[in-house]
Every structure is written in C-alpha cells, then in structure tokens.
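Okay, so here's the structure we're looking at.
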Amino acid sequence: MITRPSDETPGHAAAPAADPIAVRAAGGLGLLALGGWLLTTTRPWQKPNSPITLGLDWTASGALLICGLVLLTRCIRTVHAAPEAPYEPAAGTPHDQPGHPEDLPPAHPA
C-alpha cells in the first residue's frame, strides 16, 4: 500500500484529440461495410421484388459504397501525399531582382 501522496492532479487527464484523418478513414470503412451488408442482405438478384424496391436497394447500397470509397481514398491521399515545401524563388534570376531602367540593355529598333 502506498502511503505517500501522488504527484498527479486529481481526476483523469484529458485524452488527446482524435486524429481527424483516422476518424474519416474509419467512417469510410464503416460506410463500405454498411453498403456491402445492405447489398448482400437484400440480395436483389435472388428475390423477385418490384422494380422500385430493387432500384432503392441498389441505389442505397451503391451510394453507401461510393461514399465510403471516396472517403477512404481521400484519407489515403492525405496520408501518403508528399509534404508541401514552401515556395522559394530561384536565386539569381532576373525576375527576382528589382529592375532599374539603367540596367536594361538598349532597345533595338525592329
């Protein structure tokens, strides 16, 4: 049993904020799973239903699958994208130097 006081503050320490990319990726995977589950449980190719019901089933599952795929793709691109370097103009180019009229070559008539 510990008898000395602890250095920790009372209560729980605040949990760090969740990474927004991981949350989006998890949402995308969830949408993919939900769309796949809806497609396999309704099985529109095995049940003779009305065309409206079949259309709604296919539309809902397709929309879920596409939204999940788009979300997951955006997260993968964000994670694996090359880091953006700040723009640094090339040194020594005439476009980066302030211009003086006396530094210009004489104009040649055409």
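Excluded from the calculations below are hydrogen atoms, water molecules and symmetry mates; all remaining heavy atoms, backbone and side chain alike, are included. In this chain, numbering begins with 1 at the start of the sequence shown.
- Side-chain contact check for Asp19 versus Val23: every heavy-atom pair is 4.5 Å or farther apart.
- Side chains of Leu38 and Leu64 form a contact here, defined as non-hydrogen atoms less than 4.5 Å apart.
- For the atom pair CD1 of Ile76 and CG of Leu69, the computed distance is 8.5 Å after rounding to the nearest 0.5 Å.
- Atoms CG and OG1, from Leu54 and Thr59 in turn, are 10.0 Å apart once rounded to the nearest 0.5 Å.
- Under the 4.5 Å side-chain heavy-atom criterion for ILVMFWY residues, no single connected hydrophobic cluster contains both Leu72 and Ile21.
- Atom OG of Ser61 and atom CG of Leu31 lie 12.5 Å apart (nearest 0.5 Å).
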